[in-house]
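Note sheet for the following structure.
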Number of protein chains: 2
Amino acid sequence: MAITRKGEVRRTALLEAVVRVLEREGPTGVTHRAVAAEAGVPLAAATYYFANLDDLLVSALTLATQQQVALIAGLGAWDIPGVARLLFDVTHGNRAAAIAQYELLFLAMRRDSLRPAADLWYRTLEDAVNQRVSDPRAARVIALAIDGLLLRMLWTGEPSTQESIEASLRDILRA
Amino acid sequence: MAITRKGEVRRTALLEAVVRVLEREGPTGVTHRAVAAEAGVPLAAATYYFANLDDLLVSALTLATQQQVALIAGLGAWDIPGVARLLFDVTHGNRAAAIAQYELLFLAMRRDSLRPAADLWYRTLEDAVNQRVSDPRAARVIALAIDGLLLRMLWTGEPSTQESIEASLRDILRA
DNA sequence: AGACGAATGGTACAAACGTACCAGACTTTG
DNA sequence: CAAAGTCTGGTACGTTTGTACCATTCGTCT
């Protein structure tokens, strides 16, 4: 955590609250008041640390992306069971949070200032695959398919078991 | 078009206005007033035809999905140049609309009543690929990768030319 | 033609919103 | 320890929101 100046604690508490509100209420539920209440701080704190709502959302995405990237980068064994477990955890154990992450990423489509965060996410995924697959073009396709699989799992819930995820991954890797 | 009872015209005008507002303002911009103004009808019409905002959004997704599905199903030649042109049109010629579609689809993640619409979208894409690829497991992977590619193009803008899209598709199909 | 339900559009209102302000309490710096 | 800065939290204001209401007009049946 390093030497957090006092205010930094509140600042990140607010950013993490954004994701939780997003989980619960969706994009339209993210208001100064809702986020402040979720973080357990007075309304004025939300306006003090972030110039406006946009700033709050942009900062939340930046933080959330970094956390997600760290999660992927920190995954030691990039093998099929390991990835399957990660995917399972993300889409089933923590589904709402994963949806919130993607909703934040969608914000990036509208704002050029968020483009770097989106790029970082994609590059991380591709680099991770590249670590295991020699052919870079094949790695790119695999990364695309895994991303598609992740979304599909969020949408339809399928595949729903760790075993079937592994089967899907094996299908993808046969390229 | 069929025999549209008078009110049906306004109803669908409102639903199409939802997508346009979504394009312009994002999810938080979709209000009764904004949609009514976009459709050129008085505010009361929006509350008359749709019980509440949720109903309006849900109905808009259902209509938009059907349109998108018809677009894909109506694509005659399911070959690489044809798909590349479709992808190019969707992500570059009509980027805002495509983003709006996905934003609506994200709503489906939160509402069980929208699950059928999301399922329909996926099944359509898979069926279309199945038409050309014999192995169903391979077809599924290809559909996932194409979906991932579509999203990636919306996010990062790459690949940006019709030729590079074709190249990506060839990479995907080499499975 | 008359009747009756559907559709229209103007208006009203309480609630929630983004944002601004400010007096007081802490922290840091010299 | 005093001064300068940062942080706190309560309050206020003008706007916009979802939704309700209602008198009127239109379309469709008997």
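Since this is a predicted model, take the numbers as computed values, not measurements. Order of the sequence lines sets the chain letters (A, B, ...), proteins ahead of strands, with each chain counted from 1.
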For this session: To the nearest Å, give me how far apart CZ (R33(B)) and C1' (dC13(C)) are.
Result: 11 Å
Seminar exercise, completed: To the nearest angstrom, the CG-P distance between D54(B) and dG18(D) comes to 11 Å
For this session: Flag yes if more than 12 heavy atoms outside R20(A) fall under 6.0 Å of its CZ atom; otherwise flag no.
Result: yes
Problem set entry | Whole-Å gap separating C1' (dG9(D)) and CG (L14(A)) | 13 Å
For this session: Could you work out which one of dG18(C), dG18(D), dG9(D) sits closest to the side chain of A44(A)?
Result: dG9(D)
Exercise. When the distance from OH of Y48(A) to C1' of dT6(D) is rounded to whole Å, what number comes out?
Worked result: 5 Å
Problem set entry | Value in whole Å for how far the C1' atom of dT8(D) lies from CZ of R11(A) | 17 Å
For this session: Hey, could you give me the CD1/CZ distance between I165(A) and R85(A), rounded to the nearest 0.5 Å?
Result: 11.0 Å
Problem set entry | N or O in side chain of R10(A) less than 4.0 angstrom from dT8(D) OP1/OP2 | yes
Exercise. Closest approach of R95(B) and L154(B), non-hydrogen atoms and distance?
Worked result: NH2-O, 2.6 Å
Exercise. Looking for any heavy atom pair under 4.0 Å, which part of the strands does Y49(A) touch: base, sugar-phosphate only, or nothing?
Worked result: sugar-phosphate
Seminar exercise, completed: Closest non-hydrogen contact found for R132(A) with D79(A) is NE-CA, 4.3 Å
For this session: Write down the distance between CG (L43(B)) and P (dA12(C)), rounded to a whole number of angstrom.
Result: 14 Å
Exercise. Does T47(B) have a side-chain nitrogen or oxygen under 4.0 Å from the phosphate oxygens OP1 or OP2 of dT19(D)?
Worked result: no
Seminar exercise, completed: Rounded to whole Å, the NE2-P distance (H32(B) to dG9(C)) equals 17 Å
Exercise. Among dG18(C), dG9(C), dT19(D), which is the nearest nucleotide to the side chain of P42(B)?
Worked result: dG9(C)
Exercise. Once you round it to whole Å, what is the distance between C1' of dG18(C) and CG of L57(A)?
Worked result: 13 Å
